[in-house]
> 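Got a structure here, written out as structure tokens. Questions coming.
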Number of protein chains: 2
Amino acid sequence: MQSLIHFFNPFQILNQEAQNQILAISTLQEFKKNTILQPIGHTCQTIYFIQKGLARIFYYKDGHDITEYFAHENQIIARVESLFSQRPSQKGIQILEDSEIIAISAARLFALYDDYPRIERLFRKIFEQGYVDTVNRLESLQFHSAEERYHRLVQDMPDLLQRVPLKHIAAYLGITQVSLSRIRAAVK
Amino acid sequence: MQSLIHFFNPFQILNQEAQNQILAISTLQEFKKNTILQPIGHTCQTIYFIQKGLARIFYYKDGHDITEYFAHENQIIARVESLFSQRPSQKGIQILEDSEIIAISAARLFALYDDYPRIERLFRKIFEQGYVDTVNRLESLQFHSAEERYHRLVQDMPDLLQRVPLKHIAAYLGITQVSLSRIRAAVK
DNA sequence: AGCATCCTTTTACATTTGTTAAATTCACTT
DNA sequence: AAGTGAATTTAACAAATGTAAAAGGATGCT
């Protein structure tokens, strides 16, 4: 699970003991495509790190399947609104490709915070980065056109287009599949 | 500046010494309506707590003035994408009413984190809450109609309508002023 | 009070996006 | 290879939102 430590390093260097403590509450698991990693309605008790593969956070709005977030290799995925409040989430996590995932127990992680301030700091910084990414995404949805958002996504995550059904991409961009098709047709 | 301590309590109780340390790096200031508290292009070095009054985070997109965020009494306001990265922000903060504001030095606060883990924890929790609020707002922009977003805003911050020009409300909702006018006319 | 400025609404028209349904393409299984 | 179902595109029309300009209202200043 060295990939996880590599992911940590730019945020916060941990000594060996702190590293071991985190590894002790983490397990590497494999999941098949389309597995529901966390169902809608459950409270988030696990933070996931994607070593290999792809996953998404999704929910239902008026019967439509909405993708709120994609995460790929070397990214964290968690439903923060449930993780931080420990209340049930209206969102779920689905695996989109056969994946290798490191699962970190949230309860045991939070318990480590008292004895290992560096671990608390590490995750503070990780989630600060997530916060910043979300603010930037908010700005994108607030004042970029659907076409701008699409082109920006192509730049930021070019491989996503090959790996994910377009219906999920459309929902992520906040538009319909038909609208996305039109945007793609206009470019050719 | 007791209002600040009251704001902290639900997140994390601090002992007297930690409270004093924060108060020592905080100053209460008054600002007139329309003051630019932090200009566009500057790096965030201060976290603001609004004791009384109203402020917004704004930026310019294609010459249009966009409001990204409103904050009123007993709320924190800061451009987190600059605060956490210490890079210049393309956003500014403007005072919208004559206000009393407690300014907390970010550099001195971060310096306190090493000696006072409870202070680090306090602000970790404060910003986790901000993160959650932003995720919820993202969801709102991604899949609620402009009309739904307007009605939700009226519910969540009813006094905002009386206190802020509608042009700022419209920009905050991600629509034009004309479009907001239409939505308001339809309800009557 | 009068003037100037800003804010808000309204109108007319253009553009974008949504909706529904059908047609086409693609992937997978047998 | 054929068949099934999912994914994607296309078409036609409806609805929502944007743009630009004009008209009213409100507010503040002198």
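First the proteins, then the strands, lettered A, B, ... as listed; each starts at 1. Owing to the predicted nature of the structure, the values given are computational and were not obtained by experimental measurement.
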> Thinking salt bridges, do A:Arg152 and A:Glu139 make one under a 4.0 Å N-O criterion?
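No, A:Arg152 and A:Glu139 are not salt-bridged.
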> Figure out the CG/C1' separation between B:Asn34 and D:dG28, and round it to whole Å.
13 Å
> Less than 4.0 angstrom from a charged side-chain N to a carboxylate O is my criterion; do A:Arg163 and A:Glu73 meet it?
yes
> Taking atom P of D:dG18 as reference, at what distance in whole Å does atom CD1 of B:Ile66 sit?
11 Å
> Between A:Lys33 and A:Asp98, is there a side-chain N and carboxylate O pair less than 4.0 Å apart?
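No, A:Lys33 and A:Asp98 are not salt-bridged.
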> Reading nucleotides 17-30 of chain C from the 5' end, what letters show protein touch, with B for base, S for backbone sugar-phosphate only, - for no heavy atom under 4.0 Å?
BBBB----------
> Round to the nearest Å and state the distance from A:Asp65 atom CG to D:dA7 atom P.
10 Å
> So, is the end of the A:Arg79 side chain (NZ or CZ) under 6.0 Å from the ring centre of A:Tyr69 and within 45° of the ring's axis?
no
> Considering only NZ, NE, NH1 and NH2 on the basic side and carboxylate oxygens on the acidic side, decide whether B:Lys61 and A:Glu148 come within less than 4.0 Å.
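Yes, charged N to carboxylate O under 4.0 Å.
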> Measure centre to centre between the rings of B:Phe127 and B:Phe84, then say whether the value is under 6.0 Å.
yes
> Is the distance between the ring centroids of B:Phe11 and B:Phe8 under 6.0 Å?
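No, ring centres 6.0 Å or more apart.
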> CD of A:Glu148 versus C1' of C:dT16: gap in Å, rounded?
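Going from A:Glu148 (CD) to C:dT16 (C1'), I get 13 Å.
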> Are the aromatic ring centres of B:Tyr172 and B:Tyr150 under 6.0 angstrom apart?
no
> Where along residues 165-173 of chain B does a heavy atom fall under 4.0 Å from DNA chain D?
none
